[in-house]
Each structure stands twice: as structure tokens, then as C-alpha cells.
Colleague: 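Submitted below is the structure of interest, expressed as C-alpha cells.
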Amino acid sequence: MLDPHTLRSELDDIAVALNKRNMTLDTSSIQELEDKRKIIQTKTEELQSLRNSKSKEIGQLKSKGEDAQGVMNEVATIKAQLDESESELNEIQLSLNDILIGIPNIPHVSVPEGSTEDDNEEVRKWGEPKDFDFEPKDHVDLGEALGLIDFETATKITSSRFVVMHGGIAKLHRALIQFMLDTHSEEHGYSEINVPYLVNADSCMGTGQLPKFEEDLFHIKEHGLYLIPTAEIPVTNTVRGEILSDAELPKKYICHTPCFRSEAGSYGKDTRGMIRQHQFEKVEMVQMVKPDTSYDVLEELLGHAEAILQKLELPYRVVNLCGGDLGFSSAKTYDIEVWLPGQNTYREISSCSNFEAFQARRMKARWRNPETNKPELLHTLNGSGLAVGRTLIAVMENYQNEDGNITIPEVLRQYMNNQTVIS
RNA sequence: GGAGAGGUGGCAGAGUGGUCGAAUGCACUGGUCUUGAAAACCAGCGAUCCUUUAUCGGUUCCGUGGGUUCGAAUCCCACCCUCUCCGCCA
């Protein structure tokens, strides 16, 4: 959510800033509502004030045993006006709030112009895609040949876009999770946190998945809960409604969860293999920080995600998302794309974002600034560190051998009984 | 799932229709005192929104949402949550 004050006072500037996302803000209807709001709110509060003072007067008269009927009649007329004024105000505020809650975050100045992913800006490349002296297979062929990845059974027990993994692949998957958690908690200073996988609507509102993107979520209607599409929701919402002290910041959490996405609207996209599943696992970094540090922290967070790929020796590139490709709540996002020999291309494996105060405002997540001694909004950030399913694919495809076996990356062997190869 | 109790400021806890945003204690902040600290004493100490350059002023908030009333922390209704006991259960 944007700051209502700023929206009011700098409406046109904000509309221009949002053009970067290829969106046009209906400034005239906002202005109109806002003008009405100002008048009605002032009027309502004046009437409330009058009612309060008159009611007190009644109390005083009665306690002295005097007649209060005259004042009571007076208040009755005030009350009729007040009821009308209050409901009008309520309506205006609901409309304004509906608009406000649906406006995306303002892109940071360093976000490139553009409308599609083709306009994203490559920041850097790391590592060289390996030259295979045979035709590299993709993870589906590799996994099925090994008999360790089974889509058919998953479809039988659930539906499409699910997978069953066996033996060495299942173990490799688990090793990746542990490796990531250990690296972030031991080397990057994150505290490990374990959270619920079902969240309520308030939490989804807080981080921005609701109300606009309900169709992307799995909804357990009879309980009013949602399956998390990312650990961002439960972890970030731990500070919802809180006022943190200076000493508690920054908060750095590392969290492993499964993620559930309905993938509505992506029919026919990435239907082969494990790239796009309804259920996948992710290790997520989440930070709550003081506002003046958040852009430094974003670079740091990005580095933490890159460190995982570097340790796994997987080639990747970093892109700075253009305005049109930016997520709803984000002010700036870097994607990391890993090299997949089976697809002969780079594919997204991590997304690191600074939300500035956008989520914090929705969540009322604040800290007490010792300089002002007043509560101020936090900045929130998160990044995948990394998407485990896609990392598994990247390891399989980049570490494949001509015989179809997969060499286990050095750093993962300690998690796999020092095994060196999956066959 | 059944029975009972309860949700008030950072914490503890009073308040059952009127001057209550809310006693008191603790914690915290500032001051006096002290070589320094502690103790003692004095003072301060929630958030929200509107108006305003700012001050001043006003609004709203006692789990949440409705209702009754001139007036609600207090009465009524619904919901949520917590605790205790019983049942079930990884």
C-alpha cells in the first residue's frame, strides 16, 4: 500500500511513476473522492465532538439532579445528522481504500523501463555453461531413465503438475534443502524459522497476495485459510501489527517450506517436467530492516542467493527486472537465472525483492526510531535462496554424465553419506 | 467434539452505563540527591486519523464485527482467540 498522504499530495507524480509499470492511475476519480472525503470527515468529526460534549453535559446535569430533557432533544437531532454523515464517510473511505489497496508499489529509480521480460537488464553473468561432448538430456529424460522421477504416479494420486521422486533424487532434493539452510544460517547470519503452511486472509493481505491475486492461491474455503505460495507470507507476517525496538533490527529469517500455486492462467506453459509445479519446495530469506538500509540489504540478500549457486558451481546470470515485469508489491527485484543445458537457456531460480514500506504499511509493521521516539514503518525484503525443485533440475542437468548418471556436487556429499554419484 | 473460565496500555491488574484513554504496581525516560551506582523522592510515559507550515484543537481505539442508549471498557447478539478439565489423536 502506498502512503495515503503522499498519494493525496503528489497524486500526479505518483501516476507518472506508475507509468513505468505500464499502468495508468485514474487520478480524477481519486481526486474527486478525496475532495469529498475531506469535507465529510471534517463534518463528521465536528458532529462527533459536539455529541460527546453534549452527552457529558447530560451526565453532569443528571448527577446534580437537574432536568436534562432539553439537551437530550438537542443531541437527538445531532445524532440524526451524524448517522448520515458517518455512513457517507464510511462509504467514501471504503471506496478510497479499495483503490489504495489495489495500487501496486512504485518502482525504484534504478528499475529499467520496459514492459516484458525482454526488457529486463542483465546485471552480470557468473560461470561458463559447460561444453558437453555428448547431447545433454533434460531432467525428465535423466530422471525417468534412472527410474527416480515419476510424473505418472503423481498424476494418478493427485493431478498434473505434481511429481514423485525416489531414492537418490529424493535424497539429493533433501540434501539441497539442508545445504541451503545451513549455509544461510551459519554463514549469512539468518535465524532459522519454521512456520505454518496454511495462512489466513489477513496475512495474504499484508504481503499483497490478496485481494488481487486470489486465483493464484489454493483456498481451503471451509476454514478460510490459504495454502502458502511462498514462505514470504507466514514469515513476513510474524511482525504484522508489531512495533519492534531498534535493537531487534534487522530481523533475518531463513525458512524452508513447501509452496503451493494454482498456476491459473499458465495452461500449456512449462508442461514438461518439474519447472512449474503446483507444489514445490523453497528456502526463503526474509528480512525486516530500517528503511535507510534496505537497498544495501537487497544487494546483500542477492549475494546470499548467488553464494548458493557459486558453491554448487552452477552458471547463472542476474537480471534487474523492468517496470512491466515487476511484482505487485515490489519496488525493485533482481531475478537470478540458472543455466539449464536441457533447455539450452537460463531459467529463473530466485527472485530477490525490496518492498520498501509497501508490505509494512499494509501490515502495520513498525519499529520505534530512537531519534524521533515515534513508530515508523519497517522495510521488508525477501529472496529465494533458492527454489529447491529448480535447483535440483539444474544440478541434474549440469552434472549429468554421458551414461545418464549424475555426479553429486562436492558441497552436497556430506549430506549424502559421501556418495559421489547417483546411478 | 463436550463442559467451564477468560480476553483491558510493554507486563501485571482495577474498572459492570456518565467528567474513563482508562486506578494502582512494575518496567521505561528525564530530574533531584550521590564521587559514581543503587535506593528514595519528583515529573513524564499508548496508538490512530483529520485539520494545521507548526503549535493548538478534534476523532477513533479496552479481542473482532454488529446492536441498544443522549452517552458503552461496562448492557445485548454473533464470531475469533486463549486457558483448565474430559474425549480423540501424530
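Residue numbers start from 1 in every chain, and the chains themselves are labelled A, B, ... in the order their sequence lines are given, proteins ahead of strands. These figures come from a predicted structure and were not determined experimentally.
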Colleague: What distance, rounded to whole Å, do you find between the two P atoms, one in B:U24 and one in B:G36?
Modeller: 32 Å

Colleague: Ignoring hydrogens, what is the shortest heavy-atom contact between A:Cys322 and A:Asn120? Give both atom names and the distance.
Modeller: N-OD1, 2.8 Å

Colleague: Kindly say if A:Arg8 contacts the phosphate of B:C50, meaning a side-chain N or O under 4.0 Å from OP1 or OP2.
Modeller: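 So the side chain of A:Arg8 is within the cut-off, an N or O lying under 4.0 Å from OP1 or OP2 of B:C50.
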
Colleague: Rounding to a whole Å, what distance do you find between A:Leu94:CG and B:C49:C1'?
Modeller: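 Distance check: A:Leu94 CG to B:C49 C1' gives 15 Å.
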
Colleague: If the sugar-phosphate is the primed atoms plus P, OP1 and OP2 and the base is the rest, what is the B/S/- string for nucleotides 53-60 of chain B, using protein heavy atoms under 4.0 Å?
Modeller: -----BSS

Colleague: B:A72 pairs with which nucleotide, Watson-Crick or G-U wobble, both distances below 3.5 Å?
Modeller: none

Colleague: Are A:Gln359 and A:Thr380 linked by a side-chain donor-acceptor pair shorter than 3.5 Å?
Modeller: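 Result is yes, a qualifying pair exists.
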
Colleague: More than 12 heavy atoms of other residues, nucleotides or ligands under 6.0 Å from CG of A:Asn417: yes or no?
Modeller: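 Open: at most 12 neighbouring heavy atoms sit under 6.0 Å from CG of A:Asn417.
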
Colleague: For atom C1', what is the distance between B:C28 and B:G10, given to the nearest Å?
Modeller: 9 Å

Colleague: Write down the distance separating the C1' atoms in B:G71 and B:U19, rounded off to the nearest Å.
Modeller: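 Pairwise C1' distance, B:G71 against B:U19, rounds to 12 Å.
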
Colleague: Going by purine N1 to pyrimidine N3 plus the second Watson-Crick contact, or the G-U wobble pair, all under 3.5 Å, which nucleotide sits opposite B:G65?
Modeller: B:C77

Colleague: Can you check the A:Lys364 NZ to B:G46 C1' distance for me, whole Å?
Modeller: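 Between C1' of B:G46 and NZ of A:Lys364: 16 Å.
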
Colleague: Could you work out the separation of B:G25 and B:U8 based on their C1' atoms and round it to a whole Å?
Modeller: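 Straight-line distance between the two C1' atoms is 16 Å.
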
Colleague: Can you measure A:Leu244 atom CG to B:G10 atom P for me and round it to whole angstrom units?
Modeller: 13 Å

Colleague: Please report the distance, rounded to the nearest Å, between CD in A:Glu88 and P in B:C50.
Modeller: 18 Å

Colleague: Using the P atom in both, what is the distance from B:C33 to B:A72, to the nearest Å?
Modeller: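 Nearest-Å result for B:C33 against B:A72 at atom P: 49 Å.
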
Colleague: When you match A:Lys38 and A:Lys56 each to their closest nucleotide on RNA chain B, which lands nearer the 5' end?
Modeller: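 The residue mapped nearer the 5' terminus is A:Lys56.
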
Colleague: How long is the line joining CG of A:Leu47 and P of B:G71, in whole Å?
Modeller: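 Rounding to the nearest Å, CG of A:Leu47 and P of B:G71 are 13 Å apart.
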
Colleague: If we call it a pair only when both distances are under 3.5 Å in a Watson-Crick or G-U wobble match, what pairs with B:A43?
Modeller: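 Partner of B:A43: B:U29.
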
Colleague: Quote, to the nearest angstrom, the C1' distance that separates B:G21 from B:U60.
Modeller: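 Rounded to whole Å, the distance is 11 Å.
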
Colleague: Within the side chain of A:Ser350, is there an N or O that forms a donor-acceptor pair under 3.5 Å with the backbone of A:Ser384?
Modeller: yes

Colleague: Which base sits across from B:U35 as a Watson-Crick or G-U pair, both distances under 3.5 Å?
Modeller: none

Colleague: Might you point out which heavy atoms bring A:Ser95 and A:Leu33 nearest each other, and give the distance in Å?
Modeller: CB-CD1, 4.0 Å

Colleague: Starting at OG1 of A:Thr6, measure out to CD1 of A:Ile106 and round the result to the nearest 0.5 Å.
Modeller: 7.5 Å

Colleague: Go through B:G18, B:C50, B:A47 for me and flag the one nearest to the A:Ser55 side chain.
Modeller: B:G18

Colleague: How long is the line joining CG of A:Leu225 and C1' of B:C81, in whole Å?
Modeller: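 Distance check: A:Leu225 CG to B:C81 C1' gives 14 Å.
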
Colleague: Any luck finding a side-chain donor-acceptor pair between A:Asn105 and A:Ser329 under 3.5 Å?
Modeller: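 On atom types as modelled, these side chains do not qualify, holding no pair under 3.5 Å.
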
Colleague: Touch check for A:Lys62, heavy atoms < 4.0 angstrom, all strands: base, sugar-phosphate only, or nothing?
Modeller: base

Colleague: Measure from NE2 on A:His5 to P on B:C49 and round the result to the nearest Å.
Modeller: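 Rounded to the whole Å, the gap is 6 Å.
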
Colleague: Which whole number of Å gives the distance between the P atom of B:U74 and that of B:G58?
Modeller: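 B:U74 and B:G58 have their P atoms separated by 24 Å.
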
Colleague: Send over the distance from A:His223 NE2 to B:C80 P, rounded to a whole Å.
Modeller: 11 Å

Colleague: Checking A:Gln343 against A:Glu397: is there a side-chain donor and acceptor pair closer than 3.5 Å?
Modeller: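 Looking only at side-chain atoms, A:Gln343 and A:Glu397 do not form any donor-acceptor pair under 3.5 Å.
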
Colleague: Find which nucleotide of RNA chain B each of A:Ala76 and A:Arg368 is nearest to by heavy atoms, and output the residue with the more 5' nucleotide.
Modeller: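 Result: A:Arg368.
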
Colleague: Using both distances under 3.5 Å as the test, list the Watson-Crick or G-U wobble partner of B:G21, or none.
Modeller: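 No nucleotide pairs with B:G21.
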
Colleague: Across all strands shown, which nucleotide pairs with B:G1 by Watson-Crick or G-U wobble geometry, both distances under 3.5 Å?
Modeller: B:C86

Colleague: Can you tell me how far C1' in B:G9 sits from the matching atom in B:C61, rounded to whole Å?
Modeller: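 Their C1' atoms lie roughly 12 Å apart.
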
Colleague: Let's test this: given Watson-Crick or G-U wobble pairing with both distances under 3.5 Å, identify the partner of B:C56.
Modeller: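 Here B:C56 is not engaged in any pair, so there is no nucleotide opposite it.
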
Colleague: Does the side chain of A:Glu263 come under 3.5 Å of the side chain of A:His278 through a donor N or O and an acceptor N or O?
Modeller: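 Absent: no donor and acceptor within the cut-off.
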
